[in-house]
Amino acid sequence: MPPRVALTPGRPLQPDPWPPLSRPPPPGTAGKRAPAERLAGAHRLVVVSNRVAMGDPAGKSAGGLAVGILAALKRSGGIWFGWSGEVSDAPPAAAEIAQNDEITYATLDLARTDYEQYYNGFANRVLWPLFHYRPGLVEYQRADFAGYQRVNRQFAAHLAPLLRPHDLIWVHDYHLMPLADELRRRGVRQPIGFFLHTPFPPAELFRILPCHAELMRAMCAYDLVGFQTGGDIAGFRDYLLRWAGAQPDGAESLTACGRRQRLAAFPIGIDVEAIAGQSRQSAVARQMRRLQESLRQRQLIIGVDRLDYSKGLPQRFKAFERVLELFPEVRGQVTLMQIAPPTRSEVPEYTQIRRILETAAGHINGRFAEFDWMPLRYLNKSFNHRTLCGFLRAARVGLVTPLRDGMNLVAKEYVAAQDPEDPGALVLSCFAGAAEELGDALLVNPFDADGVAEAIHEALVMPREERVARWQSMMAVLRRNDIAAWRESFVAALAAAARAR
Ligand code: F6P
């Protein structure tokens with residue numbers, strides 16, 4: 001853990017207007033990495049997200065967003081501002097500042113009421129289910145929306161004094177939709193971009209939200225709004241055109257609330273070589289020997305997900321049960337290991353899904369287990385990233401079947417972790433953003449238990465040549481759209497959108 005020092009808040013800056021880029025890229029380098037590297041070097045990157053992963057990148061707490069941002073910031077350096085993960089009695093007086101190599105971490109604690117209303121309430125009982133196409137799970141309370149706005153105001157108030165004139169500000173995810181508007185109210189004129197890691201729903205679904213107009217008015221303060229896929233852009237754009245009086249301005253831009261805004265897709269990637277390296281290293285680790293010994297030559301099917309209702313785990317268990325019913329020859333020959341660390345456990349829907357899965361796991365094992373074979377290993381715990389990479393490599397089948405997911409980096413990590421000589425096969429939900437890039441996975445509809453069961457069986461019996469061919473083609477995509485490409489394309493687009501403004 002890096003050393004922490006208290007920062008005395010300074011006077012809010014009145015920054016200069018955004019300057020043009022000082023030097024054009026050298027001839028022949030357009031579209032390559034060098035210009036964006038230089039851009040990030042000349043202009044400090046300020047990343048803001050609810051969750052900040054301090055310390056070890058391979059640590060257990062690192063989720064998809066945290067892993068992605070950390071990998072992006074490690075290369076360019078900059079500030080990472082967000083919630084410390086701590087809940088305190090009173091609102092924070094100042095941000096805590098800590099330095100670790102190229103990254104300055106600036107974090108705030110949340111007061112108990114803020115944590116309840118902003119994080120547990122509006123972010124995770126309203127926006128999360130709505131953005132994952134689950135309006136039936138939305139629990140809207142005006143007080144929670146007020147808490148959400150209050151925390152966004154606090155973030156803006158503590159961030160504004162840390163900003164420098166030439167910063168590029170990159171805000172992440174659904175917790176912080178009003179942040180740019182709050183920063184603009186404090187005179188911040190630097191380019192501000194927003195990236196949504198989750199899906200964005202169709203406009204008609206979004207309109208269910210009683211505060212939809214207020215939230216989208218605030219979103220107009222961003223210069224650039226990035227999404228995982230074209231489908232997410234469509235919902236957002238459709239809403240602005242139909243319900244917020246926006247005017248189209250070219251294929252990717254529109255003018256809304258008197259401001260020009262660019263909308264574009266930036267599918268998040270992974271650090272392919274780092275994952276491949278970690279999985280190679282952990283292939284010889286002690287845990288891997290223990291895993292292999294315990295499997296006794298059986299084929300491993302693996303799932304790794306936060307314990308979240310969007311991940312489709314009850315449907316996945318059902319599909320595995322159908323495998324055992326439809327293909328009795330695999331009984332005793334396969335093991336499904338589902339790793340599902342609990343998250344957001346103060347939100348009631350998460351307690352419910354946990355109970356449902358405990359029952360389902362007990363049912364499957366009770367029905368099919370033999371005295372020397374347990375079909376399903378269900379683990380409510382997390383592992384460090386290196387160990388997980390080893391587990392992914394050991395699995396003949398990667399099972400990634402969310403009902404709806406922004407991207408799903410586990411799908412990408414599963415592919416990157418494979419042994420090139422003998423890779424496993426990926427069974428992937430067509431409702432994960434990753435399906436747009438990973439067409440060589442076995443794509444399934446997670447609501448169709450028999451279809452998923454057939455795909456699992458196909459993966460189990462797939463010849464090595466076919467697995468290698470599919471893996472090579474998916475790796476080519478992952479290498480092209482890696483984490484560096486994601487950061488560089490977003491940062492370059494943000495600078496360009498601000499110049500156009
Ligand atoms: O986009 C997915 C996301 O909500 C991230 O913002 C977050 O880091 C991750 O899931 C884990 O969720 P939480 O921070 O609520 O534990």
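In what follows, every heavy atom counts, from backbone to side chain, and hydrogens, waters and symmetry copies are set aside. Everything numeric here is computed off the predicted structure, so don't read it as measured data. Counting convention: from 1, in listed order, for ligands and their atoms alike.
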**Student:** Considering both backbone and side-chain atoms of Tyr119, is one of its nitrogen or oxygen atoms within less than 3.5 Å of a nitrogen or oxygen in ligand 1?
**Tutor:**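 The answer is yes, given that Tyr119 and ligand 1 share an N or O pair closer than 3.5 Å.
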**Student:** I need the atoms of ligand 1 closer than 4.0 Å to a non-hydrogen atom of His175, numbered in the order shown.
**Tutor:**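 Taking each heavy atom of His175 in turn, ligand 1 has 6 (O) under 4.0 Å.
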**Student:** Looking at Tyr239 versus His212, is the centre-to-centre ring distance below 6.0 Å?
**Tutor:**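 Close enough - the centres of the two rings lie under 6.0 Å apart.
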**Student:** Using the six-membered ring wherever Trp is involved, compare the ring planes of His172 and His197 and label them parallel, tilted or perpendicular (cut-offs 30° and 60°).
**Tutor:**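 Rings of His172 and His197: tilted, 30 to 60°.
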**Student:** Quick one: pull up OG in Ser49 and CG in Asp173 and give me the separation to the nearest 0.5 Å.
**Tutor:**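 Here the rounded value is 8.5 Å.
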**Student:** With sequence neighbours left out, what residues match Glu437 under side chain to side chain donor-acceptor pair (under 3.5 Å)?
**Tutor:**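 If we apply the side chain to side chain donor-acceptor pair (under 3.5 Å) test to Glu437, skipping adjacent residues, the hits are Lys412, Asn481.
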**Student:** Distance under 4.0 Å to a non-hydrogen atom of Trp128: what atoms of ligand 1 satisfy this?
**Tutor:**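 Result: 2 (C), 4 (O).
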**Student:** Given Trp83, which partner from the list Tyr115, Tyr105, Phe155 fulfils the ring pair (Phe, Tyr, Trp, His ring centres under 6.0 Å) test?
**Tutor:**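 When ring pair (Phe, Tyr, Trp, His ring centres under 6.0 Å) is applied between Trp83 and each of Tyr115, Tyr105, Phe155, only Tyr115 qualifies.
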**Student:** Check each atom of ligand 1 against the heavy atoms of Asp173 and keep those under 4.0 Å away; list them by number with element.
**Tutor:**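 It comes down to these atoms of ligand 1: 1 (O), 2 (C), 3 (C), 4 (O), 5 (C), 6 (O).
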**Student:** Under 4.0 Å from any heavy atom of Tyr174, which atoms of ligand 1 are there?
**Tutor:**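 Heavy-atom distances to Tyr174 below 4.0 Å select 4 (O).
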**Student:** Answer yes if the ring centres of Phe227 and Phe266 are under 6.0 angstrom apart, and no otherwise.
**Tutor:**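 Ring-ring flag for Phe227/Phe266: false, centres at least 6.0 Å apart.
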**Student:** Looking at ligand 1, is there an atom of it that comes within less than 4.0 Å of some heavy atom belonging to Arg306?
**Tutor:**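 Per 4.0 Å heavy-atom rule, Arg306 contacts ligand 1.
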**Student:** Could you name the option among Met407, His197, Arg51, Arg344 that has the heavy atom nearest to atom 9 (C) of ligand 1?
**Tutor:**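 Answer by nearest heavy atom: Arg344.
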